[in-house]
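These notes are about the structure you will find just below.
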Amino acid sequence: MTKPKLILDVDTGSDDAVALALAMLGGEAELLGITTVNGNLELKLTTDNTLRVVDLCGMGDRVPVYPGCAYPLVSTLNPHSAQSLRPIPKREGSGTGQFGMHSDHLPLPATALAPQKTSAVVWMIETVMAAPPGTITIVALGPLTNLATAMRAQPGFAERLQRIVLMGGGDATGNETAAAEFNIWTDPEAAEILLQSGVPITMIPLDATHQAFLSAAQAEEIEAIGTPLARFVAALLRDRIAGYAKRDPEMAAKKIAPLHDALALCYALHPGCIRRSVEAVCHVDLGGGAAYGRTVLDRRANMVQEKPNCTFALEPDRAFFCDWLIGILRRAAKH
Ligand code: RIB
Ligand code: CA
């Protein structure tokens with residue numbers, strides 16, 4: 001069976017880093033390339049962090065990294081958008097990134113690997129337009145600026161994609177604000193462009209990722225695998241558990257944290273990891289008020305005027321997800 005052809009679009013970020021490593025070392029996909037975007041951190045840092053993970057996985061000669069958009073299309077609310085009008089707040093936790101969980105630099109050695117000179121948007125367009133229609137899936141793990149820009153710049157780009165699997169959104173919950181999830185909130189207009197594009201989209205929202213948590217005990221189990229990669233993932237997981245403990249008493253009590261982006265990758269490779277989802281009409285609030293960036297699901301049964309434009313994941317198979325993640329780390333240890 002041919003492996004799925006993937007492009008990973010990331011704002012690395014601790015959970016992006018885990019998803020990248022699993023994609024590169026899991027052997028389950030043909031990773032055509034990685035594109036980076038502003039989000040958790042400014043583009044220079046998300047790109048450098050991505051290169052460090054590629055280096056850790058020994059893939060510097062096989063997986064190219066293309067830097068993308070340094071700013072969202074319109075919004076300047078994310079202080080890591082260099083054009084943002086707001087200073088970068090000192091957030092709790094180790095880093096300056098989202099909720100302090102995304103340090104400027106991942107706990108990895110600096111790398112000599114360099115990004116490609118071609119920009120992510122140009123490379124995405126060239127790659128998708130040169131491929132047979134419907135053969136490339138884009139796994140989007142950060143704000144959707146690169147993808148939206150490619151859709152607007154190249155007629156036929158959206159129609160040629162096989163599908164988009166994106167980590168983002170929330171029905172019953174937000175994280176960056178009471179209403180909005182961080183990836184969508186950083187670039188709401190970009191997310192709405194995707195939802196109007198007609199591309200088959202699966203959203204892996206907070207409603208699902210918060211149920212697919214990993215625990216401190218699993219961090220121990222991962223660390224015991226003993227490889228540099230396993231120790232790295234265990235350290236990131238512990239950092240995230242500490243970060244979430246400051247914001248969520250329930251997660252603090254259970255010593256758990258989600259690895260949002262890894263669940264989105266797991267779905268792209270094993271759709272059965274999502275037990276329940278809904279085919280829904282989803283659009284993004286662009287009003288600029290308290291709900292700016294909220295993903296609004298229209299489930300008014302017979303009142304809905306539109307065809308569903310996304311599959312919205314609601315319930316993961318947590319055991320499958322954790323076994324899959326730890327299994328890849330164990331198998332990678334044997335090579
Ligand atoms: O809200 C979680 C998402 O925002 C994840 O992709 C995380 O990496 C941040 O980008
Ligand atoms: Ca991310």
Side-chain angles (χ1 to χ4, degrees), residues 7-23 34-43 45-50 53 65 68-69 72 75 77-81 91 93-104 106 120 138-147 164-188 190-191 194 202-214 233 236-237 239-241 243-244 247-248 251 257-268 284 293-295 312-313 316:
I7 292 173
L8 261 63
D9 191 53
V10 296
D11 65 331
T12 312
S14 55
D15 55 333
D16 307 71
V18 176
L20 285 168
L22 297 170
I34 302 168
T35 52
T36 60
V37 70
N38 159 279
N40 283 316
L41 301 161
E42 61 186 276
L43 180 69
L45 296 174
T46 62
T47 302
D48 177 63
N49 281 328
T50 300
V53 179
V65 174
C69 296
S75 174
L77 288 178
N78 180 339
H80 295 289
S81 318
R91 306 212 185 196
S94 58
T96 56
Q98 186 205 16
F99 311 122
M101 279 181 286
H102 304 288
S103 305
D104 285 1
L106 288 172
I138 296 186
V139 182
L141 305 178
L144 298 160
T145 318
N146 291 339
L147 257 174
I164 295 169
V165 176
L166 69 89
M167 189 281 137
D171 185 24
T173 179
N175 56 8
E176 185 61 27
T177 72
E181 178 278 326
F182 179 80
N183 288 337
I184 309 299
W185 172 84
T186 293
D187 199 339
L194 264 65
T202 299
M203 294 179 81
I204 309 294
L206 296 174
D207 310 81
T209 62
H210 280 187
Q211 296 176 67
F213 54 83
L214 279 94
V233 171
L236 291 181
L237 180 51
D239 199 34
R240 292 178 63 83
I241 290 170
Y244 271 87
R247 298 178 300 125
D248 184 319
M251 290 197 188
L259 282 171
H260 308 284
D261 295 337
L263 182 62
L265 175 73
C266 185
Y267 176 83
V284 180
R294 182 186 188 103
T295 48
F312 196 88

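Just follow the structure's listing: the first ligand is 1, and inside any ligand the first atom is 1. Residue indices begin at 1 and follow the sequence shown.
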Those atoms of ligand 1 less than 4.0 Å from some heavy atom in Asn183: 3 (C), 4 (O), 5 (C), 6 (O), 9 (C), 10 (O)
Can you tell if the side chain of Thr173 reaches within under 4.5 Å of the side chain of Asp207, non-hydrogen atoms only? yes
For Thr186, the option from Asn78, Asn40, Thr145 that meets side chain to side chain donor-acceptor pair (under 3.5 Å): Asn78
What atoms of ligand 1 come closer than 4.0 angstrom to any heavy atom of Phe182? 1 (O), 4 (O), 9 (C), 10 (O)
For ligand 1, which atoms sit closer than 4.0 Å to a heavy atom of Asp16? 8 (O)
Under 4.0 Å from one or more heavy atoms of Asp11, ligand 1 contributes atoms 8 (O), 10 (O)
Do the non-hydrogen side-chain atoms of Asn183 and Asp11 ever get within less than 4.5 Å of each other? yes
The side chain to side chain contact (heavy atoms under 4.5 Å, CB included) partners of Ala17 (sequence neighbours excluded) come to Thr12, Val53, Leu106, Phe232, Leu236
Is any protein N, O or S atom closer than 3.0 Å to the Ca ion (ligand 2), and if so, which? Asp11 OD1, Asp16 OD1, Asp16 OD2, Leu141 O, Asp261 OD2
Tyr267: partners by side chain to side chain contact (heavy atoms under 4.5 Å, CB included), with sequence neighbours left out: Arg163, Val165, Thr202, Ile204, Pro271, Cys273, Ile274
If you measure from CD on Glu181 to CH2 on Trp185, what distance do you get to the nearest 0.5 Å? 11.0 Å
Value rounded to 0.5 Å, distance of CG in Leu214 from CD1 in Ile241: 7.5 Å
Any residue meeting side chain to side chain contact (heavy atoms under 4.5 Å, CB included) with Ala19, in chain and number order, not counting sequence neighbours: Leu141, Asp261, Leu265
Side chain or backbone, does Leu206 bring an N or O within less than 3.5 Å of an N or O on ligand 1? no
Logged contact type for Thr209 with ligand 1, heavy-atom cut-off 4.0 Å, is neither
To the nearest 0.5 Å, atom CZ of Phe182 lies from atom CG of Asp187 at 11.0 Å
Subset of ligand 1 atoms that lie under 4.0 Å from at least one heavy atom of Leu141: 6 (O), 10 (O)
If you measure from atom 9 (C) of ligand 1 to every heavy atom of Leu166, Asp15, Asn40, which option wins on shortest distance? Asn40
Under 4.0 Å to a heavy atom of Glu181 - the qualifying atoms of ligand 1, by number: 1 (O), 2 (C), 3 (C), 4 (O)
To the nearest 0.5 Å, what is the distance between CG (Leu43) and OG1 (Thr46)? 4.5 Å
Taking atom CG of Leu144 and atom CE of Met167, what is their separation to the nearest 0.5 Å? 10.5 Å
What is the distance from atom CD1 of Ile34 to atom CG of Leu20, rounded to the nearest 0.5 Å? 5.0 Å
Side chain, backbone, both or neither: which applies to Asp261 and ligand 1 if a contact is any heavy-atom pair less than 4.0 Å apart? side chain
Within 4.0 Å of some non-hydrogen atom of Asn175, the atoms of ligand 1 are 1 (O), 2 (C)
Can you sort out which atoms of ligand 1 are near Met167, meaning under 4.0 Å from one of its heavy atoms? 2 (C), 3 (C), 5 (C), 6 (O)
